[in-house]
Every structure is written in C-alpha cells, then in structure tokens.
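Heads up, the thing below is written out as structure tokens.
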Amino acid sequence: MQEIMNAMDIAFPNLGIYLKNVPSGFKLGDFDIYLYGIVIWVGVLAGILMAERAAKVCGMDPDEIWDFAIWAVVFSVIGARMYYVIFEWDSYKNDLWSILNIRNGGLAIYGAVIGAFITCFVFCKIKKRNPFQLADCGVQGLILGQIIGRWGNFFNREVFGEYTDNLFAMRIPIEAVAHPSDITANIQSHIPAGANYIQVHPTFLYEGLLNLVIFIFMAWYHKRKKFNGEICLIYLGGYGIIRFFVEGIRTDQLKFAGTNIAVSQILGISLFMVSMIIEVLVRVNIKKKGKAKTE
C-alpha cells in the first residue's frame, strides 16, 4: 500500500482494505455535525429497542423501558463525563467551563454504566419494581449500544492501541489523529521513513467484536437464566474481562493520579471477579433451597 495517505483515508493493510475519504463529520449550514455523535445516538436508540424486546421476552411492560431509558440516558451521559473528568482533572481544573463542552470528547463508558445502574435502582425503588429484572433487560441494550457506539471512535480516529503488524493492523494519517498525545514513542519509532501514517491496534474493533460475542450469548441465555440479575452478572463479568485485556494495549488510558495503573483495568478485573463469585454463591443457594424442598 502507499506510503503517503490522504488526510481522510483509513487502511487495514493486512486485510487488503483501503478506505478513501472516510469523513469524520459534515456541515449543516454553519453547524458542524460529527459522525461520532450520530453513531452514539444510533447506538442509544438501538439499545433501547433491544431492551424493549428483552422486556417482552421476560414478561415486563415494554413501556417501562422507555420511561426508564429517558432518565438512564441523561444520567449515563452525566456519569460518563464525570468519570472522565475525575481521572483527567488536570486537564479541566483551570477551566471549569470546559467540563460542559462534551463536543470535544471526554466520555468514559464505565461512567455511563455506573450512571445507568444507579438510575436503574432509583427508578425501581420509586416504581416498586425488581431492579435485577430491569437490569437484565437493560444490559442487553447497553452492550448493543456499546458495540455500535465504538464505531464512533473509528470515524474520530481515536481509541487505538500500540503499534502492531497483526491481521487487523490499522493505518491512520498522523494529521487525522483526534488526540496526537495518544501517539506513543513506540508508535512513532515504527513509522516508516517518508510515511505520514501510524499503524496501530484498532482496539475499538477488538472491543466491539468481543462485545458482540457476549451480546449474542446474553440474548440466547435470557430465557434460560436461573435468577433475576444473572444476565446483568454476565454483562459485568464479560465486559469486565474484555475491557481488562483491551485496555492493556490502549494508549489513551485513564490512570489513577500519580500512578501508571489504568483505572479501567482495575475496575474491569474487579467486576469480573465479583460477578463470578456472586454467580457461584447464588447458584449454590438456589441448589440448597431446591434440595430442602425435596426433603
């Protein structure tokens, strides 16, 4: 493939794919519309529709999903922004108004997940509903939204990993990278002489494909679950372990202040372990109760 790429091109050389003039957005009059935002909102809508379908499967009123979704979307965005700002505080402490400007990016999925779960429990407390039943439906929509939403990172030329020459290696022109600070010394050292691109792990793609596997399993298993909250545990554990490994090769990690420890790796592996422990404990308890009834 060519050593000089046009500013808006993206390539996957080892797959033989060269995409020309991939836009990051377009203008509507004097207003800039970013494809990142469009993809995110398509993911949100698809997620709500998926949660509505899951609600029908388990006998819930689908209208409650829409009532919940209105609040969940609002507080998920707030949570996503707060999570990012907390761990990137040095970038905002001298300009607090910039915290409100999410058009420049700065949303963290784990913050959105936390916001959604808090909303779920408050909503169910008010409505006197089972929060674990609602969560089982909601997480199926949540992970579908994540799968779709990750393609916003593709259009934004962001959320990539270190240099690689594996099958899925992706090339992006240096001038198109959304956050130049994400280009590490290791990536720079692998830029061929005379070339104007970087070649990296497309971590957004890895996460999206692995999430798709979890999503398919969750949708299949929903009718077969042993207890309310089990689908939620599958999501938290499955996404947790996926994020732990994918985060390890990303170059834009959020880290605990003063350390080299990636926040999402610690949270991901913790959620995986806690989810597995709860799954085992609940199943053992169900089994004991089943034996007690037969005695």
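Between Ala178 and Asn156, the shortest heavy-atom distance links the atoms CB-O, 3.1 Å. Summarising the geometry of Phe155 relative to Pro23, their closest heavy-atom pair is CD2-O, 3.3 Å, with the distance given to 0.1 Å. Here the closest heavy-atom approach between residue Leu271 and residue Leu236 is recorded as CB-O, 3.8 Å. The two residues Asn14 and Asp165 make their nearest non-hydrogen contact at ND2-O, 3.0 Å. Considering all non-hydrogen atoms of both residues, Glu247 and Gln253 come closest at O-NE2, 2.6 Å.
Of the possible polar contacts, none joining the Arg250 side chain to the Val159 backbone as a donor-acceptor pair under 3.5 Å is found. Within the 3.5 Å criterion, the main-chain N or O of Asn186 finds a donor-acceptor partner in the side chain of Ser189. Distance alone, capped at 3.5 Å, is enough to place a donor-acceptor pair between the Gln265 side chain and the Phe244 backbone.
Using a 4.5 Å heavy-atom cutoff, the side chains of Met218 and Ile143 are in contact. Val22 places none of its side-chain heavy atoms less than 4.5 Å from the side chain of Met8. For the pair Thr251 and Ile183, the minimum side-chain heavy-atom distance is 4.5 Å or more.
Ring geometry, Phe87 versus Phe256: the interplanar angle exceeds 60°, so the pair is classed perpendicular (tilted spans 30 to 60°). Between Phe12 and Phe154, the two ring planes are parallel [angle under 30°; tilted spans 30° to 60°].
Residue pairs that meet the side-chain hydrogen bond (donor to acceptor under 3.5 Å, both in side chains) test with at least one member in residues 65-77, sequence neighbours left out, are Glu52-Trp66. Identified under the salt bridge (charged side-chain N to carboxylate O under 4.0 Å, His left out) test for residues 214-226, with sequence neighbours left out: Asp136-Lys225.
Checked against ring pair (Phe, Tyr, Trp, His ring centres under 6.0 Å), Tyr239 has the following partners two or more places apart in sequence or in another chain: Tyr110, Tyr235.
Rounding to the nearest 0.5 angstrom, the gap separating the CD1 atom in Ile172 from the OH atom in Tyr197 is 12.5 Å. The line from CD of Gln133 to CD1 of Ile231 is 12.0 Å long, rounded to the nearest 0.5 Å.
For the residue pair Asn21 / Asn6, no side-chain donor-acceptor distance below 3.5 Å is found, with atom types taken as modelled.
The existence of a salt bridge linking Glu64 and Lys127 is excluded, since no basic side-chain nitrogen approaches an acidic carboxylate oxygen closer than 4.0 Å.
With Phe132 as reference, Phe121 is the one residue of Phe227, Phe121, Phe117 to meet the ring-ring contact (aromatic ring centres under 6.0 Å, His included) rule.
Within 6.0 Å of OH on Tyr206 lie more than 12 heavy atoms contributed by other residues, nucleotides or ligands.
Between Phe26 and Phe31, the gap from one ring centroid to the other reaches at least 6.0 Å.
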